[in-house]
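Naming: A, B, ... by sequence-line order, numbering from 1 per chain.
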Amino acid sequence: MKQKIEGLLLHAFAALKTSGVIDQSVVPNIVVERTRDASHGDFSSNMALTLAKTAKTNPKQLAEKIIALLPQDKHIINVELAGPGFINFFVDRNAQYDIIKRIHNEGPGFGLSNIGAGKKVQVEFVSANPTGPLHVGHGRGAAYGSVVADLLEAVGFNVHREYYVNDAGRQMDILATSIWLRYLEVCGEVLPFPSNAYRGDYVRDIAWNIHNTAGNEYRRPAELIVENIPLDEPQGGDKETHIDAMIVRAKTLLGTSLYRDFFQMGLNTILEDIKDDLEEFGVDYQQWFSEQQLMEDGSVDIAVARLRAGGHLYEQDGAVWFASSKLGDEKDRVVIRENGQYTYFASDIAYHMNKLDRGFDQIVDIWGADHHGYVPRIKAAITALGTDEAKLKVLLVQFAILYRGDEKVQMSTRSGEFVTLRQLRNEVGKDAARFFYVMRRSEQHMDFDLKLATSKSNENPVFYVQYAYARVCSVLRQLDEKGWERNLLSGMDNRTRLTEEHEVNLVTILARYPEVLERAALQYEPHQLVQYLRELATAFHTYYNAHQFLVDDAQIRDARLNLICAVKQVLSNGLGLLNITTPESM
RNA sequence: GCGCUUGUAGCUCAACCGGAUAGAGCACCAGCCUUCUAAGCUGGGGGUCGCAGGUUCGAGUCCUGCCAAGCGCGCCA
């Protein structure tokens with residue numbers, strides 16, 4: 001309907017041009033919106049207001065001319081000029097009821113579209129370091145990313161979901177060393193645990209497992225380990241140099257091969273845990289991309305060589321710098337350190353080069369908001385690699401600030417004091433967790449009150465939407481119990497008898513669903529879908545309380561059943577996209 | 001100090017490329033269960049859209065300045 005009206009306006013616009021009211025060079029900018037107020041009709045356009053200036057007339061006069069030039073359409077029963085120059089369209093109510101039929105025919109496919117035209121989009125999200133279990137901060141990125149991906153797929157994009165595994169680098173060495181030190185404690189060695197090491201219980205668990213299978217094979221005496229190691233911070237030293245020395249000590253005492261065992265055990269155990277966790281959270285990936293792989297197959301070398309060939313690199317103070325400040329970054333960045341090692345940034349350039357080489361039409365990176373300062377340098381790298389940086393869209397997700405009632409929950413991966421995503425899921429369930437996470441705009445700081453989310457009360461909005469679905473199911477069960485049959489065809493034939501205000505309202509809300517999906521997807525805003533589902537549920541609950549569905553008049557009854565089944569279908573489609581269950585009874 | 005993000009009802013948040021009277025939920029007050037599940041519904045109070053300018057037919061939305069909060073500003077990842 002919206003497109004139809006846009007077409008009519010476009011027609012009028014062309015006529016305005018030929019009659020000379022508007023200059024030939026003016027580009028049409030036709031905007032048709034659904035009205036907020038029913039007295040403004042069903043659709044509205046501000047075309048006359050926006051064009052008044054270029055047409056050098058006042059908006060009202062222009063609007064009159066446009067209305068006069070509009071072609072007839074059997075579904076448009078009235079066109080009005082209103083306010084400062086709005087053109088309001090009133091649509092034939094009977095035509096609107098067709099949506100009920102359409103929803104029934106299209107079923108789970110209702111709302112899907114092909115705006116994406118099969119374009120390849122890569123969505124990378126979560127990508128947390130495999131140095132510990134996912135915490136509730138990662139949960140928001142996981143929920144948000146997976147829904148963004150699903151929405152894009154729903155509107156016709158070819159979506160590739162990916163997790164970048166940072167399985168190389170210093171953090172992993174700290175993990176491996178942490179595990180080894182815990183293992184030595186299990187063996188009975190007495191030695192201090194570095195303040196900068198990973199302290200979580202999961203580190204101990206991995207150490208225990210290694211000891212169970214390998215016994216004392218990796219045991220080394222404590223004296224050798226602490227010998228000549230620079231002091232840790234609590235003893236007045238520097239925690240970074242201390243932990244780095246411990247890593248080197250672990251490597252020398254164990255040798256490359258045995259050290260590797262700890263590294264791999266840590267990585268494998270934690271990565272498996274993350275994979276299980278995400279799967280149980282309803283988050284799927286097409287690919288887990290390894291940073292190590294990138295280092296080993298020479299991709300980083302190639303990426304750096306390409307930057308060098310493009311004249312984007314220079315040497316200074318013994319390091320190799322990328323001149324990113326010429327491409328919008330605030331300063332230049334090191335890609336190869338003085339010690340000859342690549343920086344994390346270098347492998348990230350290689351990773352993005354790899355993404356570009358795989359031929360995606362659009363790349364979407366979803367990061368925690370604390371990484372926002374990283375955006376300009378990655379964009380600069382993409383430009384330097386010869387690609388339009390608009391190909392990369394970086395979406396930032398603000399951290400959820402955790403509360404228990406009024407008390408703020410402090411979190412730190414290193415100290416091991418954090419609430420894991422798994423704990424959250426166990427406490428509130430997958431559905432509530434997902435719903436909460438995507439309920440807000442992603443850039444919005446979010447307060448996540450564990451007390452509130454864990455209380456299974458009606459304050460939890462997910463129940464409200466699910467309950468609407470369950471109620472429809474309940475009505476259908478009642479229908480059976482009364483021994484009545486639902487006559488689908490009769491219901492369709494009588495759909496125009498749904499003249500109650502609540503019914504008309506519900507029909508227009510249902511008709512909006514495809515538009516909501518499209519906008520939510522193209523703007524990467526899942527919360528729009530959530531808002532919509534809440535609105536639909538409200539309209540349904542209101543209707544439910546105002547009118548009886550299972551009435552004696554079979555024609556009305558069937559028409560109403562068809563309407564609420566359409567509601568059920570749209571709730572199912574929408575909740576399905578959010579990967580939230582639709583219980584038939586609650 | 002510089003940069004990014006945010007600032008809307010007591011609290012948590014919406015508001016479609018700038019559109020018509022800024023909307024929900026929670027909390028609060030008053031009502032609705034012999035009728036399809038009361039995890040529901042109806043009504044009510046509650047707002048200088050952080051502050052001050054500007055742009056225009058029109059600004060919560062765009063621009064400038066200021067205030068406040070969060071984050072970032074490594075040869076860490």
query: Do A:F86 and the base of B:A20 stack face to face, with centres under 5.5 Å apart and an angle between planes under 30°?
result: yes

Centroid separation A:Y144 to A:Y437 less than 6.0 Å: no

message: From OH of A:Y464 over to P of B:A39, roughly how many Å is that when rounded to an integer?
response: 13 Å

message: Measuring only the C1' atom in each nucleotide, how far is B:U34 from B:C29? A whole number of Å is fine.
response: 29 Å

- request: Check whether any side-chain N or O of A:Q444 sits under 4.0 Å from OP1 or OP2 of B:U12, and answer yes or no.
  value: no

- request: May I ask you to say whether A:D348 pairs ionically with A:R377, meaning some side-chain N is under 4.0 Å from a carboxylate O?
  value: no

task: Tell me yes or no: between the side chains of A:S299 and A:Y351, is some donor less than 3.5 Å from an acceptor?
output: no

- prompt: Dot-bracket, RNA chain B: Watson-Crick or G-U, under 3.5 angstrom, [ ] crossing, | other strand?
  reply: (((((((..((((.....[...)))).(((((.......))))).....(((((..]....))))))))))))....

query: Restricting to pairs with a member in residues 472-488 of chain A, which pass side chain to side chain donor-acceptor pair (under 3.5 Å), not counting sequence neighbours?
result: A:R486-A:N562

field: From B:U5, B:A77, B:U37, nucleotide with atom closest to A:R337 side chain
entry: B:A77

query: Is A:R512 positioned over the aromatic face of A:Y532, cation under 6.0 angstrom from the ring centre and no more than 45 degrees off axis?
result: no

query: Do other residues, nucleotides or ligands put more than 12 heavy atoms under 6.0 Å from the CD atom of A:E501?
result: no

field: A:H371 over B:G72, stacked by centroid distance under 5.5 Å, angle under 30°
entry: no

